[in-house]
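Here's the structure, in structure tokens; my notes come after.
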Amino acid sequence: MLMSEDVMTEIQRDHLFNLILKGEREDGRAFDEFREISIETGTIDTADGSARVRLGKTDLLVGVKIQPGEPFPDTPDKGVIITNAELVPLASPEYEAGPPREGAIEIARVVDRGIRESKSLDLEKLCITAGEKVWIVFIDVHVLNNDGNIIDAASMGSIAALLTATIPRAQYSMGDDIPLPVRDIPVAVTVIEFGGALLIDPSLAESTIASTSLIIITNSDGSISGMQKSGAESLKVEQVLQAVDMAKTAAAEIREKFLDV
Amino acid sequence: MLMSEDVMTEIQRDHLFNLILKGEREDGRAFDEFREISIETGTIDTADGSARVRLGKTDLLVGVKIQPGEPFPDTPDKGVIITNAELVPLASPEYEAGPPREGAIEIARVVDRGIRESKSLDLEKLCITAGEKVWIVFIDVHVLNNDGNIIDAASMGSIAALLTATIPRAQYSMGDDIPLPVRDIPVAVTVIEFGGALLIDPSLAESTIASTSLIIITNSDGSISGMQKSGAESLKVEQVLQAVDMAKTAAAEIREKFLDV
Amino acid sequence: MLMSEDVMTEIQRDHLFNLILKGEREDGRAFDEFREISIETGTIDTADGSARVRLGKTDLLVGVKIQPGEPFPDTPDKGVIITNAELVPLASPEYEAGPPREGAIEIARVVDRGIRESKSLDLEKLCITAGEKVWIVFIDVHVLNNDGNIIDAASMGSIAALLTATIPRAQYSMGDDIPLPVRDIPVAVTVIEFGGALLIDPSLAESTIASTSLIIITNSDGSISGMQKSGAESLKVEQVLQAVDMAKTAAAEIREKFLDV
Amino acid sequence: MNEKPEHFIVDGKRLDGRRVDELRSIKIEIGTLDRADGSCYLEWGNNKILAAVYGPRELHPRHRQKMTRSVVQFRYNMASFSVDERIRPGPSRRSIEISKVSREAFEPVVFTKFFPKTSIDVFVEVLQAGAGTRTAGINAASLALADAGIPMRGLVSACAVGKVDGELVLDLMKEEDNYGEADMPVVMTAGGQITLLQMDGHLTTEEFYRALELAKTGCDKVYELQRQALIKKYSEEYTAEIEDEYIEDAAPEGDADE
Amino acid sequence: MNEKPEHFIVDGKRLDGRRVDELRSIKIEIGTLDRADGSCYLEWGNNKILAAVYGPRELHPRHRQKMTRSVVQFRYNMASFSVDERIRPGPSRRSIEISKVSREAFEPVVFTKFFPKTSIDVFVEVLQAGAGTRTAGINAASLALADAGIPMRGLVSACAVGKVDGELVLDLMKEEDNYGEADMPVVMTAGGQITLLQMDGHLTTEEFYRALELAKTGCDKVYELQRQALIKKYSEEYTAEIEDEYIEDAAPEGDADE
Amino acid sequence: MNEKPEHFIVDGKRLDGRRVDELRSIKIEIGTLDRADGSCYLEWGNNKILAAVYGPRELHPRHRQKMTRSVVQFRYNMASFSVDERIRPGPSRRSIEISKVSREAFEPVVFTKFFPKTSIDVFVEVLQAGAGTRTAGINAASLALADAGIPMRGLVSACAVGKVDGELVLDLMKEEDNYGEADMPVVMTAGGQITLLQMDGHLTTEEFYRALELAKTGCDKVYELQRQALIKKYSEEYTAEIEDEYIEDAAPEGDADE
């Protein structure tokens, strides 16, 4: 290799920075513009709900499985949500096999909190016998191709999979299958800061260069149900406020175009 | 070290190859001849069945423990077989402490399938209370000295240990102890291909040189209940057919001489 | 680094050795003298019993949690003691994050045996429903600053925490909280051998130099309930006998001054 | 899980209407993943499989490097939602064994000597499982390796033979796999060399001989589909490249640097 | 666990008597641990927290070293007895996430470029947990870094804002945390730069703006307490050093070598 | 598991007929394993134990190598079928502690300085457990080390003393171990230096003094058996070597290269 990775990064950083000064992005998008989005539901027959999301070249699958199990001791009359993200080595040369690392854990936990805190699922309706048996909703995010902004794709995929999921009551001799009751449609939007500018839906190159992002999860009524700064740089209060506005607008558009049920 | 391991291997390969051209093996055996076999049962008092197998200098112990436990959800009225192989570092300079690696897992799974697919154990007779309690049969292969062909030795040891095993009903206040019901005697025979020739029961040197083997498990009536190609080379159809014949003949002999009950 | 760690150790060894020849220790203590001891109980509200022990600059916390759980199958009518020691990397540059290593395991097991073998806890009184439910007593040793002799500090902390612990019966609707019944006060004293001399309560420097120690756990009546030689050197019989006498005397003093209830 | 059917073959037709020597429908897409050096998406009956290849690339940790050849690595993994009962993520004893025999199915055909000190990493993700995931995964991986431009002696093709109602059948579906009398996955080169062979169940020697022949016809059919998919892919790419060039030529030159 | 109270705020007072913009009592001790390069013990309401810093020190394994900067590592850990129900020792998904965002709360202010190839290791042990352990841990860690003499752009200060009974409140206590409508931990520099921001729950945009302002006032208060603790520590040490010198001077010279 | 017997000693005899200072029967085979550099199979009462030694050999990973000495490693392991209730394979807290104290029982006698950068690896497998596996394992390991030709100051010998019915007894059997009042495994050199000492239970100081004396007589007896086994092994080998030479001489010279 003639140039080290650091040198490559330095050159790419300069290139992207110069573009941004001119108000441009490498792929021609506006700063507040998502890449092309495609959400396909019902992809996986073995799941109780599923969605394949493509965000530009980022590609992932969310599978929802719903099975009876024990409630947590401190919430005996509520169903349980368990969210997991697998960054399998098929999806990126940077991913390695092994137990989930902090990146995968953060993705799973942020997606989980978005669903949970928006009260999108009515957990009390997922109780079968209080203290004994409740429905466990497993949300598994399986990344297939990482071209940046896994979080937003995983968030879209999760809510799309839940919206189309069925509680498999017949399989456990508990009556007819019914749709999973979903009350709200939280949408995560990631905003990165770079050279003073704010950009949504970072590509892989953009997120490599600008390591700091703010993930904002907003609900149908425009309220916020989750937020997470991620990355090694700080943000100014004004930037945070502006990011929230950008996220709200983008989320509303995504909700309307892709998650309308 | 003056010569690298690779050079050593090269020399040994040439030596073995030249021998084979002459129809000979390093230890003077015929191509279709096992090393000396000794099977001693009832070796371990703490086990419910046990066998120590010596195959040339290969030495291992199989212990069978039978304990009550829960059935698998999809076979509520059947007992459970759990097979495990421990390649402990005492047995070979190549073995390391730690969780089982693919080699140990393959050995356990092939031995397990031999027992399972031959329907040697009548799993329905191992049911105590359907859906609640069945006998779990643990087959533990403990390798003591690896001088090649662990699989065949483990297979002989497993069936020998099962043939002499007792269901410890008294210990669990379920009546008198009874022999474990064994219906068939599957025997695994490993055949390696090297320089166009087929050899059974490879020594350690032979299996280092000729990494590809075909393991064939045959039953008392000559039928086949398991097969596994292992190793990085391919085999021709004719070779596979010839290997099956060699394995059948050798298995019948082993069954008659060492596993006659 | 101009001097390697080995050289540093060599110099320190010589220094300590010369001191000992003169009957002295680096910090001015007599050979049979503990460093300053402070035991504070009830430190942690979330625990059912707790003690913070300072032994010179060594600093640790013992927390006792008492929860209902299942008995061991072979002692269906007895409570359970589970002892664990966490050598967290905050406490020493030598400690690393990860599962407990042999050092932490030895500490936990020796402390555990001291409590167990002195029959300090009446395990039969910790039975709730024989064969089904008993009180599990978790003793967790959390090391905060390792300046040597963790074992003795952990032993003092454990018994101090148990002496002030409460069985939280109210929390589980089983009546009023009652004190945990403690019958004896075992005390561990560590003696190291160095240059022919015996010293109690080794500082970190002393225990680095003289790797071999004898831990002696004695009870209120002067009897011995546990002993453990630790380290790579051998001991003479006379040394062991003398160490037992030193330990007995020191333990009696610690018991009287710090664990009198 | 479904109950065991009374008969697997009625009037020469199987439960899904196939003849005994007929494959389930197969759909192949080559090069579906952007980050991988080669990739393939494959549907086979109810199986949905993705395979990706990375490499040759430097192998870490270094002490695992081979001075005279590349190391082939293979990881077969099931998505937790790919089966009826959710499975815990991470390797199982089953997936470790499948990974091993799958790797060995490729080692005879990959020219590893060309790339010392490197690894060639093959990843198979089972997105939806419906009997025969290992053979489906190997067929996909074979094409992903070709797509990555890894030099090989040729493709390998995989197919299973089983026994139901005492008859040998090609390419088991789920019920046949669960309740059948034998299952024998086979991987072959176009020339009929066997690179993977496993068998569970109960076959007479004579049945085994015939099963191997049936497997050969299955592998041949699969090979033909693989070959067509590659031709389609490469001719498309060829067309696409021409179009791209045309477009590039048409664009004003100065833009390229922006 | 306590039941959800009917009202969290009565007559402008919270369950523990505080006003909505009032912090719980905070107690700070700097330099409590002998082995660490820097340390801090902090009580905040019912939280009891220890933080220690080691480094800059050589980073192992070597392949994780950075040639141009130091690597900040952060480990948040809860003692098994620190909560109501005993927790198993070792990292959980929650503690791994907290460790990550806490590390990122310090990376903007630590001058890592001064110490290539090294690590700066921050360890936080929660000895007793009572709502807000991550913010308490970060405040303690901030002082432990200062105590270790690690060059920083300045301290960072942490505080959470929440919502109960529809009102924004500063520094949640346990009941407010368990049953409240939102929880938003924030870490700021003295200049108001945000180095950590998380939010769970439900806030309108307008509420969020106000919550951020309230967090700023909380962080400012915490910063003042941190500053005072450092001044107290360093003036004490200054005095102590003078005394030590005096004592050393007074001691007979020959003794020092023994 | 057996019930606790009413009396352990009746008319001066123990449950198995032994006197209080009598050992269970011991059977020793040296050099039973082919691959190991040294090995020993030992039966002691109901214990069946195998020990093997590998080394001195290069220690991996390298950063664990010591520049001035060899590293002794010891792994005590129980076969899953070696006890009444099957145990899960792999290390337990108990086996990790036993491995540690066993290693330390050998470190005082092995001349580690002769072999810098290497490890000497001792493996003990408990095939059948019947009270006293750690002492049995150490006795076997001692002979395996000698068989491997590892230079040592001398053998070490191990024996336990216990207390039942208020009396001290040598070499506990299972019931005495399970229900006795004390258990004290001891390892000594021939010169009476103590290299392992553990004690669980309840002993007065006076009892402890006597227990240590009793342990010494036990270790002395074991030492004698170990010595005899070595003599027997080496004289056999000596004879065998002479025979081999004779045979070699008798064979036609040309054959050796085939």
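In what follows, chains carry the letters A, B, and so on, assigned in the order in which the sequence lines appear, proteins first and then strands, with residues in each chain numbered from 1. Side chains are part of it too, since the values below use all heavy atoms of this structure and drop only hydrogens, waters and symmetry mates.
You'll find the side chain of I136(B) stays beyond 4.5 Å of the side chain of R86(F), heavy atoms only. A 4.5 Å side-chain heavy-atom check between N77(F) and L90(B) finds every atom pair outside the cut-off.
Heavy-atom contacts from other residues, nucleotides or ligands closer than 6.0 Å to NZ of K78(B) number 12 or fewer. Residue F17(B) places its CZ atom among 12 or fewer non-hydrogen atoms of other residues, nucleotides or ligands, all under 6.0 Å distant. Crowding of E58(F) atom CD: a count of heavy atoms from other residues, nucleotides or ligands under 6.0 Å exceeding 12.
Residues of residues 137-146 of chain F lying under 4.5 angstrom from chain B, judged on non-hydrogen atoms, do not exist. Contacts of residues 42-50 of chain F with chain B at a heavy-atom distance below 4.5 Å involve K48(F), L50(F), listed in sequence order.
Shown here for D140(B) and P89(F), the closest heavy-atom pair between the two residues is OD1-CG, 4.5 Å. Shortest non-hydrogen contact noted between Q128(F) and D45(B) is OE1-N, 2.5 Å. Heavy atoms only, all atoms of each residue included: R35(F) and S92(B) are closest at NH1-OG, 3.5 Å. Smallest separation of non-hydrogen atoms from A91(B) and Y54(F): C-OH, 3.5 Å.
Remark: I209(B) pairs with T9(B), Q12(B), R13(B), L16(B), F194(B) by the side-chain contact (heavy atoms from CB on, under 4.5 Å) rule, at least two apart or across chains. Considering only residues two or more places apart in sequence or on other chains, P202(B) meets the side-chain contact (heavy atoms from CB on, under 4.5 Å) condition with N149(B), T190(B), I192(B), E206(B), S207(B).
Of the two parts of N84(B), only the side chain, counted from C-beta on, holds a non-hydrogen atom closer than 4.5 Å to a non-hydrogen atom of chain F. For chain F, the nearby part of E94(B) is the side chain; its heavy atoms alone come within less than 4.5 Å.
Side chain of Q67(B) to main chain of E85(F): no donor-acceptor pair is present (N/O by atom type, distance under 3.5 Å, no hydrogens or angles). Not one N or O on the side chain of N145(B) forms a donor-acceptor pair closer than 3.5 Å with the backbone of L33(F). Within the 3.5 Å criterion, the main-chain N or O of D84(F) finds a donor-acceptor partner in the side chain of K65(B).
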task = Would you sort out whether T43(B) and L127(F) count as a side chain to side chain contact (heavy atoms under 4.5 Å, CB included), showing the intermediate values?
result = CA-CA 9 Å; T43(B) 327; L127(F) 307 177; over 6 Å; no
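Atom CG of D59(B) is separated from atom OG1 of T32(F) by 8.0 Å, given to the nearest 0.5 angstrom. The distance from the OG atom of S80(F) to the CD1 atom of I82(B) is 11.0 Å, given to the nearest 0.5 Å. Distance check: D34(F) CG to R54(B) CZ gives 12.0 Å after rounding to the nearest 0.5 Å.
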